[in-house]
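The structure under discussion appears below in the form of structure tokens.
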Amino acid sequence: MAGIYLHIPFCKQACYYCNFHFSTSLARKAEMVQCLLQEIDLQKDYLGGERIETIYFGGGTPSLLSTAELQLLLSRLHSTFEVAPDAEITLEANPDDLDMAKLQSLRDAGINRLSIGIQSFHEADLQWMNRAHNSRQALDCIVQAQQLGFRNITIDLIYGGPTLTDEGWRQNVEQAIALGVPHLSCYALTVEPGTALDHFIRRKKMEATDPDKAARHFEQLMQWLEAAGYEHYEISNFSLPGWHSRHNSSYWQGRSYLGIGPSAHSFNGHSRQWNVANNAAYIKRITAGEVPAEIESLTTAMQFNEYIMTSLRTSAGCNLEWVAEKFGADQSLRLQRESKALIAKGWMEYQGETLRLTKAGRLFADGIAADLFI
């Protein structure tokens, strides 16, 4: 089982907090699509013939692609790889791109899962983040998608921002629950170096983020969604039973995936590679028949640390029997020893052969994982 990710590096406008690779100029969109098609051909052997269970269009804003462009890419993937008949095919989309006609065309193209960048149902939050959509569009696009038969929908929500009050956060989460959205990805607002938000905060043009508010919102989120029947199956991801993201779960489970497009990453179990994060350089290299990627072979220590990081982010936790089998009994025993202090703090729990983070520990997930690295 493997997955394919396609990075569509275009956006209508730049959200202040975003540090992903994208361009707000669509001048080379058609040329980029042709290069994505060419890279699919160049990378056809990367996954070693594994069956493709998930396809994910990310970005950027993939909903800026026309239906014809999406169909071209999907057709090439189906003709190049063995794609499972029930493959999960996700498209990230912004609310302002989704009307009834666009949604119907996406269904016709074969998209069966939507990941919608709502971020907030409040106008003040959306304006502060410089989102292209408004609060009405945030609500309407979900309702319309459901009316057209999209059941597998996930939405993004951002918490901890200066304009978002505790009551506003509660309203956002309650709105998602009331709509019956089966999957939510919720992220604390972070200030990434080099973003517009970083620039504005440094120059006192915007209020800095409050880590205490972000922690409070996360704790509230866990409480509210658990009460509504959602499973907290990964630090930032919640779903009703049966609606986990198959594509993202494959990342956390260490399965192979191929990334197509500028800045896209790939992983085949023993090495990782990433494409150049520059549209012009990507197009130039692909046109010359080259894969524009840097490759890194993964040492045993790197594989171990990555397993610790990803497994502890999930509800499945870290399996000590698997650690002993893959990395040796000494590493399994070391984890048991070093986790004792974390268990005593109430941040971890030991169930059978599995180490998991508690609700309290989820607030410190990355730091806890780093403490257990080789």
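Nothing here was measured: the structure is a model prediction, and the numbers come from that model.
Between atom NE2 of residue His265 and atom CD of residue Glu294 there is a gap of 9.5 Å, rounded to the nearest 0.5 Å. In this structure, OG1 on Thr300 lies 13.0 Å from NE2 on His270, to the nearest 0.5 angstrom. Summarising the geometry, atom CG belonging to Leu103 is positioned 11.0 Å from atom CG belonging to Asp108; distances are rounded to the nearest 0.5 Å. Here the CD atom belonging to Glu92 is positioned 7.0 Å from the CG atom belonging to Asp156, to the nearest 0.5 angstrom. Rounding to the nearest 0.5 Å places CG of Asp125 at 9.5 Å from CD of Glu123. For the atom pair CE of Met309 and CH2 of Trp252, the computed distance is 14.0 Å after rounding to the nearest 0.5 Å.
Phe150 carries Arg107 over the face of its six-membered ring, with the cationic atom under 6.0 Å from the centre and within 45° of the normal.
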> Please walk me through it: do Lys359 and Glu226 pass salt bridge (charged side-chain N to carboxylate O under 4.0 Å, His left out)?
Replying inline: CA-CA 11 Å; Lys359 286 183 180 179; Glu226 180 181 8; 2.3 Å; yes

>> Evaluate His244 against Glu234 for side-chain hydrogen bond (donor to acceptor under 3.5 Å, both in side chains), listing each step before the verdict.
In response: CA-CA 9 Å; His244 292 194; Glu234 195 273 341; over 6 Å; no

>> For Leu355 and Ile343: C-alpha separation, side-chain torsions, deciding distance, then whether side-chain contact (heavy atoms from CB on, under 4.5 Å) applies.
In response: CA-CA 9 Å; Leu355 278 171; Ile343 292 171; 4.3 Å; yes

> So Arg356 and Glu349, salt bridge (charged side-chain N to carboxylate O under 4.0 Å, His left out) or not? Walk me through it.
Replying inline: CA-CA 5 Å; Arg356 293 189 183 91; Glu349 58 187 5; 5.2 Å; no

> Between Ser263 and His21, does a side-chain hydrogen bond (donor to acceptor under 3.5 Å, both in side chains) hold up when you go through it step by step?
Replying inline: CA-CA 7 Å; Ser263 80; His21 170 65; 5.4 Å; no

> Would Asp210 and Arg216 count as a salt bridge (charged side-chain N to carboxylate O under 4.0 Å, His left out) if you check the C-alpha gap in whole Å, the side-chain angles of each, and the deciding distance to 0.1 Å?
Replying inline: CA-CA 10 Å; Asp210 179 356; Arg216 185 171 66 251; 5.6 Å; no

> Please walk me through it: do Arg76 and Asp41 pass salt bridge (charged side-chain N to carboxylate O under 4.0 Å, His left out)?
Replying inline: CA-CA 8 Å; Arg76 183 64 59 86; Asp41 294 338; 2.9 Å; yes

>> Could you walk me through whether Val33 and Ile8 satisfy the side-chain contact (heavy atoms from CB on, under 4.5 Å) test, starting with their C-alpha distance in whole Å, then the side-chain angles of each, then the deciding distance to 0.1 Å, before giving a yes or no?
In response: CA-CA 9 Å; Val33 170; Ile8 310 302; over 6 Å; no

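With hydrogens and angles ignored, the 3.5 Å screen pairs no side-chain donor or acceptor of Glu192 with any backbone N or O of Asn19. Between the Gln303 side chain and the Leu298 main chain, a donor and an acceptor come within less than 3.5 Å of each other. Between the Arg113 side chain and the Arg246 main chain, no donor and acceptor come within less than 3.5 Å of each other. Using modelled atom types, one side-chain atom of Thr358 and one backbone atom of Gly346 make a donor-acceptor pair closer than 3.5 Å. A donor-acceptor pair under 3.5 Å links the side-chain atoms of Thr154 to the main chain of His183, judged by distance alone. Between the side chain of Asn94 and the main chain of Asp97, no donor-acceptor pair closer than 3.5 Å is present. Although no hydrogens or angles enter the test, the distance criterion places a donor-acceptor pair under 3.5 Å between the side chain of Lys213 and the main chain of Gly161. When atom types are taken as modelled, the side chain of Tyr46 and the backbone of Phe267 share a donor-acceptor pair closer than 3.5 angstrom. Between the side chain of Asn305 and the backbone N or O of Ile374 there is at least one donor-acceptor pair closer than 3.5 Å. In this structure a side-chain-to-backbone donor-acceptor pair under 3.5 Å is present from Ser105 to Lys102.
No close placement of the Phe10 and Phe22 rings is indicated, their centers lying 6.0 Å or farther apart. Proximity of the aromatic rings of Tyr307 and Trp322 is defined here by a centroid distance below 6.0 angstrom, and this criterion is met. Two rings, from Tyr251 and Tyr257, have their centers less than 6.0 Å apart. Side-chain rings of His217 and Trp169 approach one another, their centers coming within less than 6.0 Å.
Hydrophobic clustering (ILVMFWY, side-chain heavy atoms < 4.5 Å, transitive): Leu26 and Leu37 are in one cluster. One hydrophobic cluster holds both Val276 and Leu6 under the rule that ILVMFWY side chains link at heavy-atom gaps under 4.5 Å. Tyr187 and Phe20 sit in two unconnected hydrophobic clusters of ILVMFWY residues. Membership requires side-chain heavy atoms under 4.5 Å apart, directly or through other members. No chain of hydrophobic side-chain contacts below 4.5 Å, direct or via other Ile, Leu, Val, Met, Phe, Trp or Tyr residues, connects Tyr233 to Leu240.
The shortest non-hydrogen separation linking Ala93 to Ser63 is CA-OG, 3.4 Å. Residues Leu42 and Glu290 share a closest heavy-atom pair of CD1-O, 3.9 Å. Closest approach of Ser23 and Asn279 over heavy atoms only: CB-ND2, 3.7 Å. The minimum heavy-atom distance linking Leu126 with Ser135 is given by the pair CD1-N, 3.5 Å. Contact detail for Pro95 and Gly117: the closest heavy-atom pair is CD-O, 3.6 Å. The shortest heavy-atom contact between Ala138 and Cys141 is O-SG, 3.5 Å.
At a cut-off of 3.5 Å, with distance as the only test, a side-chain donor of Asn172 or Ser120 sits close to an acceptor on the other residue. With hydrogens and angles left out, the side-chain atoms of His232 and Tyr230 include no donor and acceptor closer than 3.5 Å. For the residue pair Glu53 and His247, no side-chain donor N or O sits within less than 3.5 Å of a side-chain acceptor on the partner. Inspection of the Thr67 and Glu69 side chains reveals no N or O donor paired with an N or O acceptor under 3.5 Å. Looking only at atom types and distance, the side chain of Gln171 has a donor-acceptor partner in the side chain of Glu167 under 3.5 Å away. With no hydrogens or angles considered, a side-chain donor-acceptor pair links Asn275 and Glu39 at under 3.5 Å.
Heavy-atom contacts from other residues, nucleotides or ligands closer than 6.0 Å to CZ of Arg151 number 12 or fewer. Counting non-hydrogen atoms of other residues, nucleotides and ligands closer than 6.0 Å to CZ of Arg202 gives a total of 12 or fewer. Other residues, nucleotides and ligands contribute at most 12 non-hydrogen atoms within 6.0 Å of the NZ atom of Lys326. Atom CZ of Phe373 has more than 12 neighbouring heavy atoms from other residues, nucleotides or ligands inside a 6.0 Å radius.
Contact annotation: the side chain of Leu179 approaches that of Val143 to within less than 4.5 Å [non-hydrogen atoms, C-beta and beyond]. Contact annotation: the side chain of Tyr282 approaches that of Cys35 to within less than 4.5 Å [non-hydrogen atoms, C-beta and beyond].
Salt-bridge formation is not detected for the pair Asp96/Arg131: no Lys NZ or Arg NE/NH1/NH2 atom is positioned less than 4.0 Å from an Asp or Glu carboxylate oxygen.
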